[in-house]
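Atom set for the values below is all heavy atoms of this structure, side chains included, hydrogens, waters and symmetry mates excluded. Note on naming: letters A, B, ... go to the chains in the order of the sequence lines (proteins, then strands), and numbering restarts at 1 for each one.
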2 protein chains.
Amino acid sequence: MKTTDATTSNLGHAILGLLARTPLTGYDLAQRMRRPIGYFWSARHSQIYPELARLEAAGLIRHEVIDGAGPRPTKRYSLAPAGLAALRDWVVAEPSPQPVRDLEVLRLWSMWTVAPESAIELVESCRRDHRTRLAEYETELAEFAQLPEARDPGAPLFASRVTLEYGIRTQRAAVDWCEWMLGELVDASPPDPSTPHHGRA
Amino acid sequence: MKTTDATTSNLGHAILGLLARTPLTGYDLAQRMRRPIGYFWSARHSQIYPELARLEAAGLIRHEVIDGAGPRPTKRYSLAPAGLAALRDWVVAEPSPQPVRDLEVLRLWSMWTVAPESAIELVESCRRDHRTRLAEYETELAEFAQLPEARDPGAPLFASRVTLEYGIRTQRAAVDWCEWMLGELVDASPPDPSTPHHGRA
DNA sequence: CCTTTCATGTAATGGGTTACATGATTCG
DNA sequence: CGAATCATGTAACCCATTACATGAAAGG
């Protein structure tokens with residue numbers, strides 16, 4: 001006998017994951033969907049509010065009305081026991097292969113259609129972006145990496161730490177890749193033809 | 001004066017990028033949306049056929065009827081001059097920040113709610129997946145990496161090579177990350193309590 | 001006083017998946 | 001003779017973004 005027959009969406013599980021850490025309002029959830037979990041999952045408030053209603057109807061979350069500045073009653077949501085069970089089930093469930101969509105790689109996949117100088121500019125701008133995000137993640141990780149809870153696999157901070165580490169590693173790999181590409185580009189098309197160059201013409 | 005005022009979608013540019021390399025039927029395009037470009041962009045045939053009609057209405061592509069096995073006339077699409085221009089414009093255009101959605105990281109972000117043994121299994125299955133994909137990309141790259149066109153920034157194979165290299169680097173980073181995580185997990189919770197172990201309890 | 005932040009909702013539109021539908025050829 | 005491959009399309013539905021709508025408190 002299953003605890004939940006209602007099929008909960010990915011967004012629903014993202015919300016459950018947030019509420020498993022601490023009770024939040026819909027507004028707070030929307031903020032968190034930028035940072036800290038915004039770097040691997042995102043959603044707008046217009047998507048969050050209806051999903052909260054669905055989760056509550058399924059008995060996975062509950063709310064209490066608190067003081068707030070909005071024109072309507074401010075609701076703070078928290079995880080119901082069935083919600084924690086549903087989250088646990090989902091974490092260990094067989095992952096269905098998700099469709100990949102990387103706009104940056106798609107763009108660079110057609111870089112051969114433009115002049116090499118434009119391609120170099122393009123790659124340099126990618127490198128800049130990845131460097132910026134890398135620096136952000138590194139400062140964010142530094143804020144809590146040394147706390148003892150960040151070492152405990154049963155603590156939320158542990159998961160925050162390892163996922164941030166993932167972000168750092170992939171951004172670093174992306175920066176390295178950009179630099180490797182720049183090497184490949186200038187190797188094939190030397191930037192200054194007045195300077196004598198070695199290698200193939 | 002712009003060449004195209006019609007706003008073309010990401011999918012549209014993916015199709016233009018494919019047709020810039022060689023003429024294809026809608027069916028062929030759907031196949032390519034799995035491999036080779038399927039690892040960074042994907043689409044089903046039900047999405048591709050209407051988009052082809054839109055691109056053709058915008059004058060970016062053309063088709064000719066060829067012999068085929070389908071019940072309806074088989075159409076081979078190729079890029080029109082305006083299509084190549086639109087593709088070039090898009091490649092060098094300012095990229096709008098795309099929303100990120102990584103289901104694997106979202107899942108692991110809630111790994112703290114399950115037993116450490118379950119978490120270890122989870123990470124091991126992630127490592128297996130990344131290793132498989134890494135091996136696929138490596139064999140695919142080996143097929144054309146040594147061809148001379150793969151060194152020419154103006155050739156499609158150059159872009160194929162560098163984007164595959166990106167796939168390889170990110171998958172390798174992911175495998176390393178999984179192994180690092182396993183180290184963190186067994187460090188905190190020793191797998192076999194009967195064996196005497198060093199470090200903190 | 002004006003802008004930002006707090007705070008919650010709905011409506012319209014676009015992008016994407018699943019399912020429906022058809023029919024010839026090739027291979028086991 | 002049945003399954004897979006070739007080959008193209010439509011319809012229904014879900015997910016996500018943008019835009020519409022409202023209003024109080026706080027800060028410059």
Side-chain angles (χ1 to χ4, degrees), chain A residues 6-15 18 23-35 37-38 40-58 61 63-77 96-103 106, chain B residues 6-15 18 23-35 37-38 40-58 61 63-77 96-103 106:
Chain A
T7 53
T8 307
S9 66
N10 292 331
L11 171 64
H13 289 115
I15 292 173
L18 278 160
L24 294 167
T25 66
Y27 184 86
D28 293 333
L29 283 163
Q31 301 300 108
R32 301 282 160 79
M33 288 291 181
R34 305 167 189 260
R35 288 164 308 114
I37 82 157
F40 56 84
W41 205 266
S42 58
R44 307 296 169 96
H45 77 271
S46 60
Q47 213 186 341
I48 289 168
Y49 288 112
E51 185 65 31
L52 283 170
R54 254 169 280 158
L55 291 171
E56 189 160 42
I61 61 173
H63 83 263
E64 54 172 342
V65 175
I66 59 165
D67 280 5
R72 291 189 204 64
T74 301
K75 302 170 189 172
R76 180 162 50 203
Y77 289 89
S96 56
Q98 54 166 343
V100 191
R101 250 165 220 119
D102 191 323
L103 197 55
L106 179 63
Chain B
T7 54
T8 306
S9 66
N10 292 330
L11 171 63
H13 289 114
I15 292 174
L18 277 160
L24 294 167
T25 67
Y27 185 85
D28 293 333
L29 283 163
Q31 301 300 108
R32 302 285 160 84
M33 287 293 180
R34 307 166 189 261
R35 291 161 307 115
I37 83 155
F40 57 83
W41 204 265
S42 59
R44 306 296 168 95
H45 76 272
S46 60
Q47 213 186 342
I48 290 168
Y49 289 112
E51 185 65 32
L52 283 170
R54 254 167 279 156
L55 291 171
E56 189 160 40
I61 61 174
H63 82 264
E64 53 172 343
V65 175
I66 58 166
D67 279 5
R72 292 190 204 67
T74 300
K75 301 171 189 169
R76 180 161 51 204
Y77 288 91
S96 56
Q98 54 168 343
V100 190
R101 249 165 222 118
D102 191 323
L103 197 54
L106 179 63

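Across D:dA16, C:dG9, C:dA19, the shortest atom-to-atom separation from the side chain of B:S46 is found for C:dA19. With D:dA21, C:dG16, D:dG9 as the choices, the nucleotide that has an atom nearest any side-chain atom of B:L11 turns out to be C:dG16. With C:dG16, C:dT18, D:dT8 as the choices, the nucleotide that has an atom nearest any side-chain atom of B:R72 turns out to be D:dT8. The side chain of B:Y77 lies closest to D:dG9, out of C:dT18, D:dG9, C:dG16. With distances taken from any side-chain atom of A:T74 to the nucleotides C:dA7, D:dG9, D:dA19, the minimum falls on C:dA7.
Separating the CD atom of B:Q47 from the P atom of D:dA12 is a distance of 18 Å, rounded to the nearest angstrom. In this structure, A:D67 atom CG and D:dA24 atom P are separated by 16 Å, rounded to whole Å. The CZ atom of A:R44 sits 17 Å away from the P atom of C:dG14 (whole-angstrom rounding). Atoms CD1 (B:I48) and C1' (C:dG15) sit 14 Å apart, rounded to a whole Å. Between the CG atom of B:N10 and the C1' atom of C:dG16 there is a distance of 13 Å, rounded to whole Å. The OH atom of A:Y27 sits 13 Å away from the P atom of C:dT4 (whole-angstrom rounding). Regarding A:D28, its CG atom lies at a distance of 10 Å from the C1' atom of C:dA7, rounded to whole Å. The nearest whole Å value for the distance from the OH atom in B:Y49 to the C1' atom in D:dG9 is 8 Å.
Across all strands, B:T25 comes closer than 4.0 Å only to sugar-phosphate atoms, never to a base (heavy-atom distances). Heavy atoms of B:R76 sit nowhere under 4.0 angstrom from any nucleic acid atom.
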**Asked** Under the side chain to side chain contact (heavy atoms under 4.5 Å, CB included) criterion, do A:D102 and B:Q98 qualify, and how do the steps go?
**Response** CA-CA 9 Å; A:D102 191 323; B:Q98 54 168 343; 3.9 Å; yes
**Request:** Report the C-alpha distance between A:I48 and A:R32 in whole Å, list the side-chain angles of each, state the deciding distance to 0.1 Å, and finish with yes or no for side chain to side chain contact (heavy atoms under 4.5 Å, CB included).
**Result:** CA-CA 11 Å; A:I48 289 168; A:R32 301 282 160 79; over 6 Å; no
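Considering every non-hydrogen atom in both A:P50 and A:S46, the closest pair reads CD-O, 3.1 Å.
A distance-only check finds a donor-acceptor pair linking the side chain of B:R101 to the backbone of A:S42 [under 3.5 Å].
Place A:A69 and A:E51 on DNA chain D by their nearest nucleotides, and A:E51 ends up nearer the 5' end. Nearest-nucleotide positions on DNA chain C place A:Q31 closer to the 5' end than the other of A:Q31 and A:H45.
When side chains are defined from C-beta on, B:W41 counts as touching B:N10, because their heavy atoms get closer than 4.5 Å.
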